[in-house]
Amino acid sequence: MNTIRLTAAQAAIRYIANQFNEDGVPFIAGCWAIFGHGNVAGLGEALHAERENFNTWRGHNEQTMAHSAIAYSKQLGRRRAMMVTSSIGPGATNMVTAAALAHVNRIPVLFMPGDVFAGRGPDPVLQQVEDFGDGTISANDCFRPVSRYFDRITRPEQLLTALPRAFRTMTDPADCGPVTLAFCQDVQAEAHDWPEDFFAPRTWRVRRVQPDPVELTMIAALLKEATSPVIIAGGGVHYSGAHAALKEFAETFNIPVVESQAGKSSLPWDHPLNFGPVGVTGASSANAVCAAADVVIGVGTRFQDFTTGSWTLFQTPARKLVSLNVQAYDAAKHGAEPLCADAAAGLAALGRAMAGKRFDAPDAALKADWFMAADQVTAAPGADENALPTDMQVIGAVQRSAGPDTVVMCAAGTMPGELHKLWKAGKPMSYHMEYGYSCMGYEIAGALGIKMAQPERDVVCMIGDGSYMMANSELATAVMMGIKITLVITDNRGFGCINRLQIGTGGAEFNNLLDHAHHVNRSHIDFAAHAGSMGAMTRKVATIAELEAALFEARAVPGPFVVVIDTDPYPSTEAGGTWWDVAVPEVSTRDNVRKARENYIRNLKAQRAN
Ligand SMILES: Cc1ncc(C[n+]2csc(CCOP(=O)(O)OP(=O)(O)O)c2C)c(N)n1
Ligand SMILES: [Mg+2]
């Protein structure tokens with residue numbers, strides 16, 4: 001056997017650079033890195049040595065670098081991913097939030113934080129977490145519950161099994177998610193004689209899991225008996241590339257489709273069978289169809305509370321739940337009849353098994369009614385209106401300036417709910433919402449990752465002032481890397497959506513809007529100046545008309561473009577939506593809380609166990 005002598009870090013990078021996807025491109029597109037002790041000498045040297053054929057990028061924060069990596073992979077339907085490496089200790093734990101985000105959203109990312117010395121000679125090292133009772137604990141153990149596969153590399157030759165295992169996890173459609181290989185710093189630097197064929201190029205195919213014949217027969221029989229089914233399209237439609245299969249299935253049987261946050265843009269918004277967004281942030285059309293459905297068919301959905309109205313939405317007494325999902329855990333959720341398969345394969349097989357069946361689709365007037373309400377709130381205000389613009393009007397302006405291929409993205413705040421309701425998504429993945437973890441701080445970094453994934457598409461990042469303040473430094477990275485993203489900052493001077501939630505649960509306005517938070521000096525943040533200081537081109541606009549003009553101007557700008565607009569923190573779209581379970585205090589001195597509690601108890605009665 002021919003061997004080659006390399007350090008463990010050199011071997012890791014050489015192996016990673018030689019793993020390909022079915023399209024013949026490297027599965028790992030490159031590595032985001034912030035160096036420190038624990039990775040600069042080992043992985044840093046290895047990345048430098050491979051720099052001609054393996055990209056390394058430097059960001060400003062480990063968490064947000066990882067958000068870029070996650071957004072990149074999500075936008076590409078998990079067909080490619082990125083690696084992120086950090087120093088030991090704080091650099092590593094900075095990535096834990098991102099790991100959780102990837103875990104919730106089932107997105108592959110390869111975390112390679114440095115770790116303490118396996119040999120323990122210099123212990124305790126700088127940044128080492130010392131556990132009094134367990135010698136194997138390090139800061140990286142925080143990754144365990146948020147990794148699909150966690151390993152600590154304490155000997156070089158462990159990589160011979162750990163790395164293939166990592167790629168298996170990241171390319172498995174059911175188990176897909178973050179992998180953490182915590183890499184002890186002395187081990188990174190240690191040499192080993194590696195079998196040469198370990199580095200031979202390898203292609204990782206994402207298998208299309210076919211349905212079990214018995215499950216398929218049972219589901220087909222159940223659907224043949226149905227009269228008013230509905231399909232809930234989830235993120236799995238995108239990851240499976242099941243857009244055409246979904247369209248054909250829905251059209252063949254005349255079944256309405258509604259979309260979760262992750263599933264939005266599965267069908268174009270104006271497809272006659274797309275009844276719109278579902279759930280808490282859904283359209284009245286979609287929710288009416290769901291309330292009347294006798295069979296609810298989830299396709300690639302986790303049935304998160306925002307999708308199910310905290311399980312109050314599917315009200316028909318004897319209704320059945322079917323879950324077509326590649327992951328058996330999701331396929332059997334909440335008493336669902338499972339159809340464990342890839343979304344496209346499952347829909348195609350189910351289509352064959354149901355041949356001849358056709359349903360009566362719901363009334364198209366439901367959609368017309370919804371769009372009448374929705375279009376009203378997104379319409380540009382009249383020239384004589386002096387009120388602060390609303391976030392819905394901002395969405396209208398962005399929509400009018402966008403093309404069918406534009407990707408609109410967000411993660412937390414007012415915008416995810418409003419965009420879910422109001423954005424008219426054209427092409428698949430023209431809507432990129434991180435609403436699994438809904439993590440403030442994903443926005444700018446995510447937009448950067450999306451643009452790296454699909455440079456040919458315009459990427460518009462909708463971001464609240466609160467989320468901007470939480471994480472904005474990758475804007476400087478976008479400037480440095482010459483990556484064009486457009487940011488629309490809606491400055492309502494605080495956490496507007498949580499302020500409304502606080503009011504909605506009977507609370508006093510407290511500690512959400514900046515004016516309601518403890519202060520000696522009133523907060524005034526000049527977002528345009530801040531973004532401009534990082535090198536972005538900026539515009540502060542006062543009206544919706546000015547916003548549209550700025551967005552038009554943005555098209556010709558080669559680098560990041562930031563538009564800031566003050567908006568009213570109070571209004572949100574009244575139409576559509578369902579109840580959302582947010583627990584209200586049982587005891588309070590506040591009248592409003594007691595009233596909200598009564599309301600809460602009343603609503604809770606509609607919640608179904610399955
Ligand atoms: C990291 C993180 N912390 C806290 C939250 C809870 N949270 C959700 S939205 C929000 C406020 C967002 O404020 P902003 O971005 O200004 O949006 P707005 O609602 O004002 O439009 C908060 C605190 C979260 N989702 N993520
Ligand atoms: Mg805000």
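For ligands, and for the atoms within them, numbers begin at 1 and follow the listed sequence.
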Problem set entry | Residue-ligand contact Asn492/ligand 1, heavy atom below 4.0 Å | yes
Problem set entry | Nearest neighbour in protein (non-hydrogen) for atom 25 (N) of ligand 1 | Ser438 O, 2.8 Å
Problem set entry | Under 3.5 Å: donor-acceptor pair, side chain of Ser323, backbone of Asp330 | yes
For this session: Measure the distance from atom 16 (O) of ligand 1 to every protein heavy atom, then report the residue, atom name and distance (to 0.1 Å) of the closest one.
Result: Gly466 N, 2.7 Å
For this session: Provide, to 0.1 Å, the distance between atom 23 (C) of ligand 1 and the closest protein heavy atom, together with that atom's residue and name.
Result: Met440 SD, 3.4 Å
Exercise. Hey, is ligand 1 close enough to Ile498 that some N/O pair sits below 3.5 Å?
Worked result: no
Problem set entry | Nearest protein heavy atom with distance in Å, relative to atom 17 (O) of ligand 1 | Gly413 CA, 3.7 Å
Exercise. Which value, rounded to the nearest 0.5 Å, describes the distance between Lys421 atom NZ and Trp370 atom CH2?
Worked result: 5.0 Å
Exercise. Would you call Gly441 a ligand 1 contact, heavy-atom distance under 4.0 Å?
Worked result: no
Problem set entry | Side-chain donor-acceptor contact under 3.5 Å, Glu259 with Tyr431 | no
Exercise. Has Asn492 got an N/O/S atom less than 2.8 Å from the Mg ion (ligand 2)?
Worked result: yes
Exercise. Between the side chains of Ser87 and Gln127, is a donor N or O closer than 3.5 angstrom to an acceptor N or O?
Worked result: no
Exercise. Side chain of Glu598, backbone of Val593: donor and acceptor closer than 3.5 Å?
Worked result: no
Exercise. Does the pair Asp141/Arg152 count as a salt bridge with the N-to-O cut at 4.0 Å?
Worked result: yes
For this session: Starting from atom 13 (O) of ligand 1, find the nearest protein heavy-atom neighbour and note its residue, name and distance.
Result: Phe495 CD2, 3.4 Å
Problem set entry | Distance filter under 4.0 Å to Ser467 heavy atoms, resulting ligand 1 atoms | 14 (P), 15 (O)
Problem set entry | CE/Met480: more than 12 non-hydrogen atoms of other groups inside 6.0 Å | yes
Exercise. If we only count N/O pairs under 3.5 Å, is Met415 in contact with ligand 1?
Worked result: no
Problem set entry | Pair Asp115, Ser138: side-chain N/O donor-acceptor within cut-off below 3.5 Å | yes
Problem set entry | Met470 and ligand 1 - part of the residue with a heavy-atom distance under 4.0 Å | side chain
For this session: Can you sort out which atoms of ligand 1 are near Gly464, meaning under 4.0 Å from one of its heavy atoms?
Result: 14 (P), 15 (O), 16 (O), 17 (O)
Seminar exercise, completed: The N/O/S atom of Asp465 lying closest to the Mg ion (ligand 2) is OD1
Problem set entry | Under 2.8 Å: N/O/S of Gly496 next to the Mg ion (ligand 2) | no
Exercise. Given that the side chain starts at C-beta and the backbone is N, CA, C, O, which of these parts of Thr414 lies under 4.0 Å from ligand 1, counting heavy atoms, or is it both or neither?
Worked result: both
Seminar exercise, completed: Under 4.0 Å from one or more heavy atoms of Gly496, ligand 1 contributes atoms 18 (P), 19 (O), 20 (O)
For this session: Could you verify whether a donor N or O on one side chain and an acceptor N or O on the other, from Tyr600 and Asp581, lie under 3.5 Å apart?
Result: yes
Exercise. Just checking, is any N or O donor in the side chain of Ser473 or His60 under 3.5 Å from an acceptor N or O on the other one?
Worked result: no
Problem set entry | Ion pair Asp515/Arg522, N-O distance below 4.0 Å | yes
Seminar exercise, completed: Quick look: Asp465 vs ligand 1, heavy-atom contacts under 4.0 Å, and the answer is both
